[in-house]
Structures are given as structure tokens and as C-alpha cells.
> 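The following block contains the structure, expressed as C-alpha cells.
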Amino acid sequence: PYDGSNPACLAPELLRGDLCDERTDVYSLGQLLYQTVTLRPAFAGDKPELIREAVLAGRMPPVEHRFHARIDADLRAIILRATQRRPESRYRSVSELSTDIRRYLNDERLSFQRSTFSGSFFRFLRHNRQKVILFSLLIVFSAPFLFCYDLYREARHVHEGAVRDSVLDRCYSLCVQSGHLADLQAAKFKLTLQNLVAEAEAVLVHSFAAPDSGVLRTQADADGIPLQKTPGYAHPASLACMEFNRDCSMGAPVLSNEDFQKFSVLFHPVYRALLGSEFNATITPENVGELRRKALEGRLPLHEILIAFESGEFIRYPFQKKSTPANGAWLSRFALRDAARSANPVWSKPYATDDGDHRMHLTLPFGIGGRSLGTISLVFSCDAFELMARNSRRKGPGLLSKAILDEDGSILLNFPFDGEAKMECNVGRIENPELLKAFREQSSGQLILNENGREILYCFVRIPSCG
């Protein structure tokens with residue numbers, strides 16, 4: 001029981017004479033802790049009656065240091081909880097108070113505090129001060145390097161994008177250039193063919209005597225000239241000869257002998273057409289010799305000119321010793337079938353010859369007075385188009401192949417750039433629907449597709465003169 005001495009450290013229930021328990025001791029320990037921390041008692045004065053009245057009323061001053069030193073918030077919370085006026089608000093035992101004091105000393109969360117992110121974060125920083133300092137220094141010193149690396153990645157990304165755009169533009173430009181060259185060559189073939197058809201129809205319309213047949217040669221079984229005395233292809237004399245064959249294997253003759261011989265006046269037009277078949281060729285006295293050598297060596301795009309009649313008769317230039325009537329009749333049927341009496345020149349599909357060459361022919365019908373007599377065909381080597389494709393072989397970055405396709409996506413000519421791979425004809429068909437749609441709807445463009453895990457760029461351009 002209270003004996004009337006200094007009541008500053010006594011619990012209110014003890015001063016009132018109420019039932020006391022261990023929480024009463026907790027209050028006294030809290031007051032001692034208050035005085036130890038703040039360096040002054042919570043209840044001070046000379047009159048015990050006033051102190052007792054303040055304790056019973058719970059008028060304890062704030063937990064502040066006598067000399068205004070900083071007191072940690074957790075320590076202040078322990079003192080306030082231990083010195084609560086109501087016993088049920090204090091620690092239930094001295095051991096709970098002791099446990100919280102140890103937690104405070106170990107910088108741990110107190111028993112009556114709720115766990116918060118900010119509290120746990122700052123407590124982690126205090127527990128790992130050295131690591132945090134080292135980590136902070138690492139960030140400070142590595143920040144410039146990270147910034148420079150980010151700048152490098154951004155610059156590299158921009159550079160790669162610029163290179164990619166440059167490659168796409170270059171590939172597309174090469175495709176358009178090759179398509180333009182092929183279109184020029186095809187346009188020249190069509191113009192040459194139309195001129196020859198006009199010349200042939202003019203021959204039939206006008207009446208004149210056939211010229212001396214000194215520049216003409218026929219097959220041995222047609223006119224009795226010994227075959228061994230006739231010039232062969234790649235012989236200089238072959239360029240001075242036209243081959244006339246009157247083997248009517250497909251019907252009655254459509255022309256008389258006199259009209260048939262009139263076609264000898266086409267010698268000079270077909271001669272000029274052969275020598276000037278390159279798309280940029282111009283025949284001059286200075287280069288005619290070189291063009292003749294190219295013709296004899298088979299280096300000109302135009303291989304031969306065939307005038308085929310519906311009866312099976314044909315006229316061919318240059319003269320070919322190895323040709324036979326049967327071979328000429330086959331070419332005639334081929335030309336007549338593909339032309340199909342079209343008003344426009346008709347392109348054949350590429351085909352391979354016995355000597356490994358790849359050829360195509362362009363055919364246009366001719367006749368007089370609404371009567372169809374036959375066709376004129378330009379038989380040219382596909383090497384002309386291969387040369388245009390090969391010229392850009394070392395210019396295109398990562399080029400796999402170039403190809404000429406028809407409207408259905410069939411690959412007519414393929415020029416692979418893989419090692420020494422040779423030109424191929426009729427090798428398949430494009431099956432990708434997205435690619436076929438782009439071919440049909442656009443005159444030119446480019447499309448990137450993912451094939452077997454890698455990106456493949458397709459550049460395409462339409463060749464109007466081959467339509």
C-alpha cells in the first residue's frame with residue numbers, strides 16, 4: 001500500500017488503493033525509462049498532493065529530452081505504452097516490455113505495431129547499411145556507363161534501321177532496274193516483230209518480180225542443191241542465206257511459187273532485225289562487223305526469225321544446215337498454235353533445246369484481205385534476260401535469285417545466284433497466297449515473308465511489254 005512518499009513513479013491504481021498486478025510494475029518501469037531517456041521525471045514538484053493529482057488525472061507531459069535531443073519514435077512508443085493510465089492499455093507483463101525493448105535495440109518491429117512497407121523498407125536499410133551504401137555507390141558510378149550503353153543501343157538501333165531501309169531500297173531499285181531492262185528488250189522484240197509483219201503483208205499486196213535468188217538457199221530435197229555445199233549455221237555465209245521450205249505437211253499450199261519467192265525481199269529487214277536485236281544496239285558502219293561476229297557466235301538475243309504458213313511451209317533466217325523439213329514443220333505448228341490468230345504478239349513459254357539452250361518465241365499472225373496466211377515468230381535465246389539478271393549479281397546484298405513469272409505465278413525463268421547454278425526454265429509455281437495477291441494487284445512493290453525461320457524479301461515489278 002501507498003505510504004504517502006513521492007508518488008511520481010507509482011501507478012494510478014496503486015494511488016487509488018485498487019487491486020494491483022504486474023501491470024502496476026510495468027507502469028513504474030515505464031516511468032523510470034521515461035526519466036532515463038528524457039533526463040527529467042514525468043511528474044515533478046515539491047508538493048506530493050499535486051503530483052498525486054497529476055498521476056491520477058494522467059497528465060503526463062510529452063516524451064521530450066531535457067536538452068532537446070532527438071528521441072527515436074519506437075522508444076517513445078514503448079514509454080507511452082508502458083505508462084498508460086489504464087492498466088489494460090499497458091504491457092500485460094514485464095517480459096513483454098523487456099521483449100519490446102530488445103526488439104527496439106535490434107531495430108525490429110515492436111509487438112503492438114502493424115507491419116508496413118515503409119517501415120520494413122527503412123528497417124531493412126538500417127540493418128543492411130553497408131550493403132545499401134555499396135549498392136548506392138555502384139548505381140552512382142555505373143549510371144554514366146548505363147546511360148552511355150543506352151545511347152549506344154539507341155544509335156545501333158537507328159543505324160540498323162537505316163541499313164535495313166537502305167538494303168530494302170537498293171533491292172527494290174535493282175528489281176525495278178532489271179524489270180525496266182527486260183521491258184525495253186521485250187518492247188524492242190515486239191516492235192521488230194510488228195515491223196516484219198507489216199513488211200510481209202506489204203510484200204503480198206504489191207506486185208513485183210522476185211529478185212535474183214543468189215542470196216537464197218533451200219533444202220537439198222526441195223531444189224536439188226547438194227546439202228554439203230550449203231553453208232551451216234555459224235558460218236559467215238549463213239548470214240547471207242534465207243531458208244525456204246515448201247514442204248506442205250499441214251495442208252495445201254497457201255501461196256504460189258511466185259508469191260512465195262517474193263518473200264526474198266525480206267532479207268534486208270530480217271538481217272537488220274538480227275544484228276540490232278540488243279535493246280541498246282544501233283547498227284553503224286563501225287560496229288556492223290562486231291555485231292556480225294556476235295551473231296555468228298550466238299551472242300545476240302535474237303536467234304532466228306521464222307515465217308510459218310498454215311500449210312506447213314516456212315521461211316527461216318539465218319540459214320541452218322542442220323535444219324530439216326520435219327523440224328521446220330514442228331516450229332511452224334508451234335508458232336501457229338501459240339499465236340491463236342491473236343491481234344497482238346503472243347509470248348511462248350521458255351523451252352530447252354537439245355544443245356542445252358533455253359529459248360522463247362514471240363509470234364504474230366499476218367495475212368491480206370482478212371485472210372490469215374501464217375505467222376512470223378522471233379525465236380530468241382533466254383540468255384538475253386539472264387545477262388540482265390546476272391549483271392546485278394554482285395550489286396545486290398544477299399540476293400538469292402531473280403525470276404520471271406507469268407500472271408498465274410508460274411516461274412518461267414529462274415536465275416539462281418547460288419554458286420555456279422545455271423538458269424532454269426519452268427521450275428514450278430509460287431504457292432504463297434499473300435505473294436500471289438500482291439503480284440496481281442500491284443504493278444510493283446516489295447513484301448517480307450518469314451520462311452523457315454528467316455526473313456525473305458520479295459521485290460517485284462510488272463513487265464508491261466511481256467503481258
Side-chain angles (χ1 to χ4, degrees), residues 117-118 120-122 124-125 128-184 385-407 409-421 423-424 427-464:
F117 174 76
S118 59
S120 300
F121 176 72
F122 287 112
F124 171 80
L125 294 182
N128 301 274
R129 185 169 300 175
Q130 291 183 350
K131 295 180 180 179
V132 170
I133 292 175
L134 291 176
F135 183 72
S136 301
L137 291 175
L138 178 63
I139 292 178
V140 169
F141 286 106
S142 62
F145 297 99
L146 295 175
F147 177 73
C148 294
Y149 179 70
D150 187 63
L151 289 179
Y152 164 75
R153 287 185 60 191
E154 183 67 23
R156 180 177 178 182
H157 178 72
V158 172
H159 174 70
E160 289 177 350
V163 170
R164 180 185 177 90
D165 292 342
S166 175
V167 169
L168 294 179
D169 292 342
R170 188 175 180 186
C171 289
Y172 181 70
S173 298
L174 288 173
C175 178
V176 172
Q177 179 186 12
S178 298
H180 179 64
L181 293 178
D183 185 60
L184 288 176
F385 294 107
E386 182 181 27
L387 181 61
M388 285 180 276
R390 297 293 185 184
N391 283 341
S392 60
R393 177 173 186 173
R394 299 183 183 276
K395 300 177 184 178
L399 283 177
L400 299 177
S401 67
K402 286 188 177 182
I404 297 179
L405 290 72
D406 64 10
E407 294 181 350
S410 298
I411 303 175
L412 302 179
L413 293 173
N414 184 49
F415 315 107
F417 292 156
D418 182 14
E420 299 299 325
M423 176 179 60
E424 305 167 314
V427 293
R429 186 175 182 274
I430 297 293
E431 299 294 344
N432 188 289
E434 187 177 358
L435 198 56
L436 288 175
K437 181 179 179 182
F439 288 166
R440 292 166 181 167
E441 296 180 354
Q442 303 176 34
S443 59
S444 64
Q446 51 187 341
L447 193 64
I448 299 178
L449 299 177
N450 193 304
E451 298 181 0
N452 299 324
R454 62 175 181 171
E455 289 186 333
I456 303 296
L457 170 66
Y458 287 90
C459 297
F460 59 91
V461 61
R462 188 169 296 172
I463 305 176

> Measure the CG-CG distance between N414 and L405 for me, rounded to the nearest 0.5 Å.
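With rounding to 0.5 Å, CG (N414) is 8.5 Å from CG (L405).
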> Any donor and acceptor pair, going by atom type alone, linking the side chain of R462 with main-chain N or O of S444 inside 3.5 Å?
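A pair under 3.5 Å: no.
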> Could you state the interatomic distance from OG (S443) to CZ (F460), rounded to the nearest 0.5 Å?
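The CZ atom of F460 is 8.0 Å from OG of S443, to the nearest 0.5 Å.
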> Has S410 got a side-chain atom pairing as donor or acceptor with D406's backbone, closer than 3.5 angstrom?
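No, because the side chain of S410 does not come within donor-acceptor range (under 3.5 Å) of the backbone of D406.
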> One thing to verify: whether R156 and E154 come together as a salt bridge, which I'm taking to mean a side-chain N less than 4.0 angstrom from a carboxylate O.
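No, E154 and R156 are not salt-bridged.
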> Mind checking the OH-CG spacing from Y152 to L146? Nearest 0.5 Å is all I need.
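It comes to 15.0 Å.
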> Atom CG in D150, atom CZ in F145: separation rounded to 0.5 Å?
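The CZ atom of F145 is 15.0 Å from CG of D150, to the nearest 0.5 Å.
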> Would you mind reporting whether I411 and R429 have side-chain heavy atoms less than 4.5 Å apart?
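They are not in side-chain contact.
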> Would you mind reporting whether I448 and I456 have side-chain heavy atoms less than 4.5 Å apart?
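Contact flag for I456/I448 side chains = no.
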> Would you say R440's side chain and G409's backbone share a donor-acceptor pair under 3.5 angstrom?
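No.
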> Mind checking the CD1-CG spacing from I463 to L184? Nearest 0.5 Å is all I need.
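Spacing of CD1 (I463) from CG (L184) equals 10.5 Å.
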> Within a strict 4.5 Å, meaning less than it, do heavy atoms of the L447 and L435 side chains meet?
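With C-beta onward as the side chain, the pair touches.
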